[in-house]
Amino acid sequence: MPELPEVEAVCRNLRKHAVGATISSLHIERPRITGANVEQALACSSLTKLDSPTISHIDRRGKNILIHLSTSQTIRIHLRMTGNLYVIPDYRFRPAATSAWFEFTDGRALVFQDTRGLGTLTLHSADEIEKLLAKVGPEPLSRQFTAEAFIESAKGVRQPAKIFLMDQRRVAGLGNIYAAEALFAARINPRKPIGDVSRPKLKALHAAILAILHDAVKSAVRAYSAPGAFREGEDFATAVYGREAERCHVCNSVIRRITQGGRSTYYCPRCQR
DNA sequence: TCGATCCTGTAG
DNA sequence: CTACAGGATCGA
């Protein structure tokens with residue numbers, strides 16, 4: 001489910017429903033999500049034994065969700081492939097495949113639901129969190145993500161364009177879908193080393209990233225505000241992703257699927273030379 | 001840079 | 001049954 005737009009939607013939802021809540025207990029249902037780190041698991045389980053932390057604010061860095069507590073500790077949650085995070089009105093009605101959940105003092109619960117269980121939940125001090133996120137690249141929807149900075153970051157880099165976009169140290173938050181969509185919009189071959197892409201095309205790519213993410217955030221927020229759980233976005237129309245063997249809307253060529261870095265890449269062989 | 005790995009569900 | 005899934009990390 002989640003790339004930057006979906007994680008952003010999750011965060012906005014949490015800001016509405018979880019900020020200000022007091023946590024009475026934290027339950028780790030799948031110990032592995034803390035990284036098989038015994039210390040971490042213990043710290044998490046003892047989190048609420050001593051004090052009753054309240055959720056002070058929520059941040060997002062790339063695909064990382066940061067839940068800041070009144071204790072000055074921060075919970076970092078990464079949804080990976082199938083995670084979701086939301087508040088339910090009654091802790092007793094937790095969904096299946098709950099990896100972890102926080103009980104609030106008012107009876108509600110913050111649920112970390114994750115079918116595949118690949119998502120992670122870890123507890124950090126302010127210092128730790130800063131160190132941890134130092135490697136994460138610029139936020140594509142922030143002011144510092146300028147076309148010039150983006151072009152500069154691509155200079156001399158031999159990584160294929162698609163791999164570059166998905167590298168969280170280069171740009172924070174892009175994943176398999178929106179990387180492919182941005183490359184299509186900018187008419188760039190996903191295999192081409194990013195350092196070999198022309199300046200105008202890099203500029204187009206930068207613009208495409210912004211446009212696509214803005215659009216996708218809108219869709220994701222809409223999907224999330226529907227009652228119940230997240231509705232997976234049929235409302236974000238993809239031009240190439242998941243459309244192998246279908247026709248390109250622009251040139252009518254057959255969309256291809258190739259493998260890069262162990263993931264599927266979809267592209268139009270004619271539009272994206 | 002490739003492949004395996006962590007998991008479970010679903011489509012073919 | 002196999003392949004694949006909107007992610008990230010690790011070792012060869």
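Worth saying up front: this structure is predicted, and the values here are computed from it rather than measured. Chain letters run A, B, ... following the sequence lines, proteins first, then strands; residues in each count from 1.
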| With rounding to whole Å, what would you report as the distance between C/dA3 and B/dA4 at their P atoms? | 12 Å
| task | Quote, to the nearest angstrom, the C1' distance that separates C/dC1 from B/dC6. | result | 23 Å
Whole Å only: how far is the [atom1] atom of [X] from the [atom2] atom of [N]?
X        : N     : atom1 : atom2 : answer
A/Asp114 : B/dC6 : CG    : C1'   : 11 Å
A/Leu121 : B/dC6 : CG    : P     : 21 Å
A/Tyr178 : C/dG7 : OH    : P     : 10 Å
A/Gln260 : B/dC2 : CD    : P     : 9 Å
A/Asp167 : C/dT9 : CG    : P     : 10 Å
A/Leu165 : C/dG7 : CG    : C1'   : 16 Å
A/Ile33  : C/dG7 : CD1   : C1'   : 16 Å
A/Gln168 : C/dA8 : CD    : P     : 4 Å

| said: Under 4.5 Å between side-chain heavy atoms, counting indirect links through other Ile/Leu/Val/Met/Phe/Trp/Tyr residues: same cluster for A/Ile65 and A/Val87 or not? | reply: yes
| message | With clusters defined by side-chain heavy atoms of hydrophobic residues (ILVMFWY) lying less than 4.5 Å apart, directly or transitively, does A/Ile23 cluster with A/Leu110? | response | yes
| task | May I ask you to verify if any side-chain N or O of A/His78 is less than 4.0 angstrom from the OP1 or OP2 atom of C/dG7? | result | no
Got a list of protein N/O to nucleotides 1-5 of chain C N/O distances below 3.5 Å?
from, atom 1, to, atom 2, distance (Å)
C/dC4, OP1, A/Arg257, NH2, 2.6
C/dA5, OP1, A/Ser264, OG, 2.7
C/dA5, OP1, A/Tyr266, OH, 3.4
C/dA5, OP2, A/Ser264, OG, 3.3
C/dA5, N3, A/Arg116, NH1, 3.2

Identify whether the distance between the nearest side-chain nitrogen and carboxylate oxygen of [X] and [Y] falls below 4.0 Å.
X        : Y        : result
A/Asp114 : A/Arg30  : no
A/Lys155 : A/Glu152 : yes
A/Glu8   : A/Lys63  : no

| query | With Watson-Crick and G-U wobble geometry limited to distances under 3.5 Å, how should the secondary structure of DNA chain C be encoded in dot-bracket form, using | for bases paired to another strand and [ ] for crossing pairs? | reply | |||||.||||||
| query | Taking atom CZ of A/Arg191 as the centre, does the number of heavy atoms from other residues, nucleotides or ligands within less than 6.0 Å exceed 12? | reply | no
| request: Evaluate ring pair (Phe, Tyr, Trp, His ring centres under 6.0 Å) for A/Tyr86 paired with A/His17, printing each intermediate quantity in order. | output: CA-CA 8 Å; A/Tyr86 52 90; A/His17 297 114; over 10 Å; no
| Distance-only polar pair, side chains of A/Asn84 and A/Tyr224, donor-acceptor under 3.5 Å | yes
| request: Determine the interplanar angle of the A/Phe236 and A/Tyr178 rings, folded into 0 to 90°, and report it as parallel if under 30°, tilted if 30 to 60°, perpendicular if over 60°. | output: perpendicular
